[in-house]
Amino acid sequence: PALYDLPHDSFFTGSESSYYTVSTSLTRRPSRHWCLLAEIVGLQPWPTRPMYTAKDITDRTFLVSFHFDDRTLFPKVLKEGLVGSTICVMYADFHHFFDGQDGVRLEEPKSVTILPLGLEALITVSETVRAGQLTPQICAFCGGSALKKCSLCSTIPYCSKTCQTQAWKTKHKKECIVIQQMKKWNEFDWNRYDGHKGFESSIINSLFKPCVLNLTLFQVSPEDSDHTFCRSIVEQ
């Protein structure tokens, strides 16, 4: 969802009912899964905690403020907050700050990760693969015949290790991370809450860490083309 479609973190109104159920003791519990995706457009100088300026799918900019109990994570947050990348926040709530700014206040590290592509590129990768524009028979780098796929994302086809190596250096290193995360998201039943869904590679152990290229390609059959991705994650 966009920022202003998120549930509010300090009071409950009718709009929050699509995200939470409220018990008789006024305790709220998620009734579904959702994830805020926002492109980082700047870093905010602040002496006590890291902050980003980000924009959502409506191009509205807002404040992202980190309030982790473990302050030793703050240098990592600043290092990973590269302008042009996308911050992902599971179960994000809208927050109105004391200085009048709107945004999100982040308290749970395992609910936050960063993907190394902007929002537009992230959607393009998702839709390109989902639409089957990359088929197992065509090498994603040279356009030649290919019956193998990247062993990390199990999605992008290559004809040889040479093409895979070149593609990794020029594009796929970032793209591969995004595809892997989207495939995990695609396994969710977003409309039914069945326990907290955090990130295996959270802000603590970011997907931005240096990757070692696995040159092991594996064979696939021509009919092995299940590229099901959900653009709707951006709107969830």
Side-chain angles (χ1 to χ4, degrees), residues 1-13 15-20 28-44 49-68 73 77 80-97 101-127 177-178 180-193 195-204 206-208 229-236:
L3 176 70
Y4 286 113
D5 293 328
L6 293 174
H8 202 287
D9 65 356
S10 60
F11 59 84
F12 191 88
T13 65
S15 62
E16 275 72 44
S17 62
S18 62
Y19 295 95
Y20 291 104
R28 66 179 190 174
R29 177 183 182 275
S31 58
R32 54 170 295 188
H33 304 292
W34 71 94
C35 183
L36 172 66
L37 302 183
E39 185 172 327
I40 300 170
V41 296
L43 303 181
Q44 292 286 339
R49 67 183 73 257
M51 296 183 179
Y52 301 158
T53 301
K55 66 176 181 179
D56 63 15
I57 57 173
T58 67
D59 282 334
R60 184 181 297 275
T61 59
F62 58 91
L63 184 66
V64 179
S65 183
F66 291 83
H67 292 254
F68 297 161
L73 296 176
V77 169
E80 304 302 346
L82 301 180
V83 172
S85 54
T86 296
I87 185 168
C88 314
V89 185
M90 292 296 297
Y91 314 108
D93 287 333
F94 173 90
H95 184 81
H96 186 72
F97 294 93
Q101 295 188 76
D102 294 334
V104 290
R105 173 184 167 123
L106 306 182
E107 299 180 357
E108 175 50 64
K110 292 183 179 179
S111 294
V112 183
T113 196
I114 296 173
L115 298 178
L117 291 178
L119 270 178
E120 185 176 345
L122 187 150
I123 293 172
T124 298
V125 169
S126 172
E127 292 187 336
I177 293 169
V178 173
Q180 290 178 65
Q181 181 58 59
M182 287 187 172
K183 292 182 79 170
K184 291 183 175 70
W185 277 332
N186 204 43
E187 296 172 357
F188 291 7
D189 180 352
W190 288 90
N191 294 316
R192 182 178 67 88
Y193 183 76
H196 186 85
K197 303 287 189 181
F199 292 103
E200 295 178 9
S201 296
S202 67
I203 200 74
I204 298 175
S206 174
L207 287 169
F208 261 113
F229 282 82
C230 51
R231 182 191 186 283
S232 60
I233 178 61
V234 182
E235 296 151 358
Q236 289 285 348

Would you say the side-chain atoms of [X] pair up with the backbone N or O of [Y], donor to acceptor, closer than 3.5 Å?
X	Y	value
Trp190	Trp185	yes
His33	Arg192	yes
Tyr91	Lys197	yes
Ser126	Leu122	no
Glu39	Leu119	yes

Return the minimal non-hydrogen interatomic distance between [X] and [Y], and the atom names on each side.
X	Y	answer
Arg32	Ser18	CD-O, 2.9 Å
Ser17	Ser31	O-OG, 4.3 Å
Ser85	Leu115	CB-O, 3.2 Å
Cys35	Cys88	SG-CB, 4.0 Å
Ile57	Ala2	CG1-CB, 4.2 Å

remark   = Paired with Val112, the side chain to side chain contact (heavy atoms under 4.5 Å, CB included) test is passed by just one of Val104, Leu106, Val64, namely Leu106

Are [X] and [Y] close enough that some pair of their side-chain heavy atoms sits under 4.5 Å apart?
X	Y	value
Phe199	Lys184	no
Tyr52	Leu43	yes
Trp34	Leu36	no
Phe68	Val77	yes

request  = Using distance alone, with no hydrogens and no angle criterion, decide if Asp93 and Tyr19 have a side-chain donor and acceptor under 3.5 Å apart.
outcome  = no

ask   = Are His96 and Ser10 close enough that a side-chain donor and a side-chain acceptor fall under 3.5 Å?
value = no

Spatial distance of atom [atom1] ([X]) from atom [atom2] ([Y]) [nearest 0.5 Å]:
X	Y	atom1	atom2	answer
Ile114	Gln181	CD1	CD	12.5 Å
Leu3	His95	CG	NE2	11.5 Å
Tyr20	Arg29	OH	CZ	11.5 Å
Thr53	Leu63	OG1	CG	6.5 Å

inquiry  = Is it the case that over 12 heavy atoms from other parts of the model lie below 6.0 angstrom from the CD atom of Gln44?
reply    = yes

key: Residues forming a side-chain contact (heavy atoms from CB on, under 4.5 Å) with Ser65, sequence neighbours excluded   = Arg49, Met51, His67, Phe97

remark   = Here the salt bridge (charged side-chain N to carboxylate O under 4.0 Å, His left out) pairs for residues 82-92, sequence neighbours left out, are none

inquiry  = One pair to check against side-chain hydrogen bond (donor to acceptor under 3.5 Å, both in side chains): Asp56 and Tyr4. What are the steps and the verdict?
reply    = CA-CA 10 Å; Asp56 63 15; Tyr4 286 113; over 6 Å; no

